[in-house]
Amino acid sequence: MDAFLIVDFQNDFTPGGALPVAHGDEIAAPINTLLDSFDLVIATRDWHCPDHGSFAGVEVDSEKWRGADPPSIWPEHCVEGTPGAELHPGLEQAKIDVVIDKGQDPTSQGYSGFQDTRLGDLLHERGVDHLFVAGLATDYCVKNTVLDARREGFDVTVVEDAVKGVDVEPGDSERALEEMERAGAHLETSREILAERA
Ligand SMILES: [Zn+2]
């Protein structure tokens, strides 16, 4: 059983949003072409409380912080219930079967879709063994979700034309893709995946 996982394709991560990924909106087209090819389509949303510890200016107790990166390094983004946290309007949302909110623990960035969510249980319950992953951003939430999926034993294919990265340092996205490949993930284009599944 295969499933398609769309990571954090939300307004705040696309041009005009609070923490925009350049050309992030452009992944809508390749994602939409794949939606009919999967019986299970899951979208994650970064979904933070207003005083989340990843936000600049929020004071954090360093003893309690358990994030992958230091706290307070990102502008406020994806605050629960705000327009910025909504899934991007370019996405054909009627074809999404399950939405999973992540990043709800204020003491961690919560980059991975598996961290403190029911995603792993859901995939196991539904008999999923191969996960196809798209979304934002390549070098943070996509990477951490893919690495966790590999740790959980799933086959993983990253849809390489349906991910975009932040690139705080030039080359971060490229290095993230290499790290995912070293962990056993495959890279394929949406066109290749469509051809295989036709
Ligand atoms: Zn976040």
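Keep in mind that what you see is a predicted model, and the values were worked out from it rather than measured. Indexing begins at 1, ligand by ligand and atom by atom, following the structure's order.
Side-chain atoms of Asp8 and Thr44 include a donor-acceptor pair closer than 3.5 Å.
Taking 2.8 Å as the limit, the number of protein N, O or S atoms around the Zn ion (ligand 1) is 3.
In this structure, the side chain of Asp25 does not engage the main chain of Thr14 through any donor-acceptor pair within 3.5 Å. No donor-acceptor distance shorter than 3.5 angstrom exists from the side chain of Lys102 to the backbone of Gln115, with no hydrogens or angles considered.
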* From CA spacing to verdict: side chain to side chain contact (heavy atoms under 4.5 Å, CB included), Val133, Val156 -> CA-CA 7 Å; Val133 181; Val156 179; 4.0 Å; yes

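For the atom pair SG (Cys78) and CZ (Phe13), the distance works out to 4.0 Å, reported to the nearest 0.5 Å.
In this structure Arg191 satisfies the side chain to side chain donor-acceptor pair (under 3.5 Å) test with no other residue, sequence neighbours excluded.
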